[in-house]
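This report concerns only the one structure given below.
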Amino acid sequence: MANTWWELQISCEPALEDSIFWRLEDFGSRGTASESKGNSCLVKAYLPKMQVRLLDLAALSLWLRQDALCAGFSIPSLKWELIDEEDWATSWKQYWKPEEIGDRFLINPAWLPLPETSERLIILLDPGVAFGTGNHATTQLCLESLEMRLASLPEAFMDKSQKKEPVVIADIGCGSGILSIGALLLGAEKVYAVDTDPLAVQSTFSNRTLNNIRPERLIPAAGSVEMVKELSLQPVDGIVCNILADVIIQLIPEMSAIAKPTTWAIFSGILLEQSKAVADTLENNGWIVATLWKKKEWCCLNVRRS
Ligand SMILES: C[S@@+](CC[C@H](N)C(=O)[O-])C[C@H]1O[C@@H](n2cnc3c(N)ncnc32)[C@H](O)[C@@H]1O
């Protein structure tokens, strides 16, 4: 049957929520939501039926069991059932509420009304099947880092010699485009947003329209670092990259090709215990790790070129 989805329901100890979330993301989940149920947590995930066989679900169940045992937690329970497209859309959307992030942002689901008054920069999102609703710690760390990187003196306080230089950014692993849109709202001039998943690229295109961003300011494309190099004639001023640590480690050497001596970068998707391996790779490739910010068990490295 076309457009049928697996709905997975995983009951677990709250401390396991993040590791389950990432395991599901790696497994190809097209939407993940969670809710507290007393002392436990219910994680729901949605996967297209065509992508997943029953045997794969059995393997997932074993991984979740193994992850929990290794971390010293009780074994989560996993249930699955098939649902149709309409139920998928409504199940997933009902969990997602507007959320303030950092000092500047408000993430508003596209199907909910806008707040009547807000001094915040509003990112309207319909992530569809892509990662990036803003409710994951790593996305939040990246948005907060962008706030810091792109904060500048209000123009009224600048003298004439302090002209604002346009900032061009590469968003590697753009998902829904949330970080690209955030960077543009903070004043970046242009963002090249790339992702190896064509559905994520499609989602960034739709969210560009939803947020009334001019096409020449946000350029989504399928691919990775090599695609930014192809699209941008010049090195970029900033890079933001929220992917898993092992992927980041592979991509770091390629990033030199899109960087210049003043380029800064923000990396997340990194578990605290993986931060040393990522920092070492960065340093071996000509980057200086300036700060490490953490949220739950995740961290974000703010780095600059040496
Ligand atoms: C964790 S999501 C981040 C989404 C969004 N940027 C955010 O911060 O919420 C990671 C994204 O990276 C993409 N991805 C994975 N490996 C990649 C690679 N080698 N190059 C580019 N994108 C990649 C995935 O398809 C996924 O959309």
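One-based numbering along the sequence shown. Whatever order the structure lists ligands and atoms in, that order sets their numbers, starting from 1.
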Between W287 and R304, is there a cation-pi geometry (under 6.0 Å to ring centre, at most 45° from the normal)?
no

What do you reckon, does G269 put a non-hydrogen atom under 4.0 Å from ligand 1?
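Flag not set, G269 not near ligand 1.
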
Say whether W22 and ligand 1 are in contact under the criterion: heavy-atom distance to a ligand atom below 4.0 Å.
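Checking ligand 1 against W22, which is what was asked, there is a heavy-atom contact under 4.0 Å.
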
[X]-ligand 1 polar pair, N/O distance under 3.5 Å:
| X | answer |
| --- | --- |
| G173 | yes |
| S224 | yes |
| T139 | yes |
| E25 | no |

Which ligand 1 atoms does G223 reach within 4.0 Å, using its non-hydrogen atoms?
21 (C)

Can you list the atoms of ligand 1 that are under 4.0 Å from a heavy atom of D197?
25 (O)

As a check for students: among L251, T196, L244, identify the option with a heavy atom nearest to atom 23 (C) of ligand 1.
T196

Are E81 and Q9 close enough that a side-chain donor and a side-chain acceptor fall under 3.5 Å?
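Judged by distance alone, the side chains do not pair up.
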
Indicate if L55 and L24 have the same hydrophobic cluster label, given that clusters are the connected sets of ILVMFWY residues with side-chain heavy-atom separations under 4.5 angstrom.
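Hydrophobic grouping puts L55 apart from L24.
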
So, does N211 use its side chain to make a donor-acceptor pair with the main chain of R208 at under 3.5 Å?
no

Just say parallel, tilted or perpendicular for the rings of W298 and W22, cut-offs at 30° and 60°.
tilted

